[in-house]
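Written out below as structure tokens is the structure these notes cover.
All ligand and atom numbering here is 1-based and tracks the order in the structure.
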Amino acid sequence: MADQFQLRFSPSLANKPKPPPSSGPEKKKPFNPFENPPPQLTIFPIGPSHTLVLNKFAIVPEHAILITSTFKPQLHLLEADDLAATYACIRAYHDCLTEGSEREELFAFFNCGEHSGASQPHRHMQLLPVARMRDGLAEGGKAWSVLANRLVDPVADSSKVPFATFVEKLNEGVQAEELHAVYRRLYRRACTAANVGVGNGDEALLQGEAKISYNLAMTKDVMVICPRTAEGGAVIDREGQEVGMLSLNGTVLAGTALVKSEKEWDALRTDPEQLWEILGKIGVPSGPLSTKI
Ligand code: B4P
């Protein structure tokens with residue numbers, strides 16, 4: 001299974017501009033890149049409530065972001081229209097078949113909460129073309145496939161990961177209300193696994209801010225939720241020195257991880273087991289609760 005995990009190296013991200021620390025008496029409101037996205041990055045509106053924009057710091061080409069057209073908190077539970085707009089993008093990408101081309105898939109992910117890899121508070125879903133995630137892999141990326149899709153088969157070796165995931169299949173043409181019902185079921189099971197908010201009744205669990213950190217992934221065929229308890233873990237080189245931190249966001253549910261320094265890259269490539277150990281620390285241990293439907 002470890003060989004089906006994809007490790008990416010993006011040194012340029014280490015130099016990505018960071019917002020200035022917000023200290024001192026005149027605390028400035030942090031910049032929100034999704035409040036008024038520039039026209040060069042704006043693709044088009046998706047329904048009345050969402051807008052598709054390009055990611056300014058994309059790791060793979062065509063990395064798009066689906067933002068709410070007016071501010072909504074990233075930390076709040078998703079609504080039916082968030083999921084419907086995401087599914088509409090996934091479907092449209094799949095159905096758009098030009099002559100001589102093959103059908104292509106989108107991988108959608110959402111980071112929610114302090115341990116999930118999230119940084120922007122304005123609600124947004126991220127969309128990655130699966131074909132672009134294969135670019136550059138050996139033999140056209142035949143050995144790698146999207147982890148979220150593999151998780152529906154609980155007995156397959158390729159579905160085994162050291163953190164709990166909750167997954168349901170999606171019917172073709174699934175509508176907004178059904179997507180929302182699937183999301184709420186998966187979220188409730190993730191809360192149970194994380195032992196958080198359970199016993200307070202659905203009313204408290206399914207309103208307002210999420211009670212857990214989690215990543216959500218969606219493809220044409222599945223929705224997955226992974227409860228998160230840590231953003232990542234330290235990377236250690238052969239001499240036993242800590243050379244950096246591996247941080248994982250929702251792309252972990254595609255079966256990928258990203259490093260930003262050569263030392264981290266070398267340490268993880270020479271010792272792939274270490275990647276597995278870090279993955280074992282980011283969520284709830286996989287076990288009987290982590291069953292699939
Ligand atoms: P968040 O949910 O808030 O956080 P994130 O994905 O972890 O992004 P962040 O920017 O914190 O992470 P990192 O440097 O590690 O998403 C915010 C999104 O908005 C990000 O996609 C960000 O790039 C984008 N954004 C920020 N400012 C913007 C602006 N002014 N205009 C438009 N978009 C803006 O990672 C950088 C990127 O690499 C992220 O997109 C991340 O999703 C991606 N990535 C990480 N692991 C990956 C992997 N294994 N494969 C492919 N891509 C990967």
- Lys/Arg-Asp/Glu bridge criterion (N-O < 4.0 Å) met for Glu178, Lys169: no
- Under-4.0 Å heavy-atom contact with ligand 1, by part of Leu41 that carries it: side chain
- Message: For Glu62 and Tyr93, which I'm curious about, is there any donor-acceptor pair between the side chains at under 3.5 Å?
- Response: yes
- Query: Under 3.5 Å, is there a donor-acceptor pair between the side chain of Asn215 and the main chain of Cys226?
  - Reply: no
- Task: Ignoring hydrogens and angles, state whether a donor on the side chain of Arg8 or Thr256 is under 3.5 Å from an acceptor on the partner side chain.
- Result: no
- Compute the minimum heavy-atom distance from Gln6 to ligand 1 and say whether it is under 4.0 Å. no
- Report yes if some heavy atom in the side chain of Thr219 is under 4.5 Å from a heavy atom in the side chain of Ile90; otherwise report no. no
- Name the closest protein heavy atom to atom 45 (C) of ligand 1, giving the residue it belongs to and the distance to 0.1 Å. Leu258 CD2, 3.4 Å
- Message: One residue to check: Ala257. Relative to ligand 1, which of side chain, backbone, both or neither has a non-hydrogen atom less than 4.0 Å away?
- Response: backbone
- Residue, atom name and distance, where the atom is the protein heavy atom closest to atom 50 (N) of ligand 1: Arg8 CD, 3.5 Å
- Message: Between Gln74 and Phe110, does the side chain to side chain contact (heavy atoms under 4.5 Å, CB included) criterion hold? Intermediate values first, please.
- Response: CA-CA 9 Å; Gln74 182 81 353; Phe110 180 73; 3.3 Å; yes
- Note on the structure: Closest to atom 53 (C) of ligand 1 by heavy-atom distance, out of Asn215, Ile59, Asn111, Val259, is Ile59
- Message: Quiz question: by atom type and distance under 3.5 Å, do the side chains of His180 and Glu79 form a donor-acceptor pair?
- Response: no
- Glu264 (side chain) donor-acceptor with Met245 (main chain) under 3.5 angstrom: yes
- Item | Location of contacts on His63 toward ligand 1, heavy atoms closer than 4.0 Å | side chain
- Which heavy atom of Val130 sits nearest a heavy atom of Leu106, and at what distance? CG2-C, 4.1 Å
- Query: In the protein, which heavy atom is nearest to atom 17 (C) of ligand 1, and how far is it?
  - Reply: His124 NE2, 3.4 Å
- Which is it for Thr51 and Ser69 under the side-chain hydrogen bond (donor to acceptor under 3.5 Å, both in side chains) test, yes or no, and what are the steps along the way? CA-CA 6 Å; Thr51 306; Ser69 303; 2.9 Å; yes
- Using heavy-atom distances, let me know which of Ser247, Gly117, Ala58, Ala254 sits nearest atom 4 (O) of ligand 1. Gly117
- Task: Could you find the nearest protein heavy atom to atom 22 (C) of ligand 1 and give me its residue, atom name and distance?
- Result: Asn55 OD1, 3.5 Å
- Item | Sub-4.0 Å heavy-atom approach of Leu54 to ligand 1 | yes
- Message: List ligand 1 atoms under 4.0 Å from Thr256, heavy atoms only on the residue side.
- Response: 48 (C), 49 (N), 50 (N)
- Query: Is the closest heavy-atom distance from Phe109 to ligand 1 below 4.0 Å?
  - Reply: yes
- Quick one: which of Ile282, Leu279, Leu147 gives a side-chain contact (heavy atoms from CB on, under 4.5 Å) with Val161? Leu147
- Message: Among Gln126, Lys260, Arg123, which one puts a heavy atom closest to atom 21 (O) of ligand 1?
- Response: Gln126
- Query: Which residue from Ile65, Leu248, Ile67 reaches closest to atom 18 (C) of ligand 1 through any of its heavy atoms?
  - Reply: Ile65
- Task: Write out the residue and atom name of the closest protein heavy atom to atom 41 (C) of ligand 1, then the distance separating them to 0.1 Å.
- Result: Asn249 ND2, 3.5 Å
- Taking N or O atoms only and a 3.5 Å limit, does Gln74 qualify as a polar contact for ligand 1? no
- Message: Please list the nearest protein heavy atom to atom 8 (O) of ligand 1 with its residue and the distance rounded to 0.1 Å.
- Response: Ser119 OG, 4.0 Å
- Item | Pair Lys263-Asp266, salt bridge (Lys or Arg N to Asp or Glu O under 4.0 Å): steps then yes or no | CA-CA 5 Å; Lys263 286 184 174 167; Asp266 289 340; over 6 Å; no
- Note on the structure: Among non-hydrogen protein atoms, atom 32 (C) of ligand 1 lies closest to Lys56 N, 3.3 Å
- Message: Looking only at protein heavy atoms, which one is nearest to atom 47 (C) of ligand 1, and what is the separation?
- Response: Thr251 OG1, 3.5 Å
- Query: Distance-only, no hydrogens or angles: does the Asn55 side chain make a donor-acceptor pair with backbone N or O of Ile65 under 3.5 Å?
  - Reply: no
- Check: Leu128 N/O within less than 3.5 Å of ligand 1 N/O: no
- Message: Quick test of your reading of the structure: of Phe107, Phe57, Phe31, Phe34, whose heavy atom lies closest to atom 19 (O) of ligand 1?
- Response: Phe34
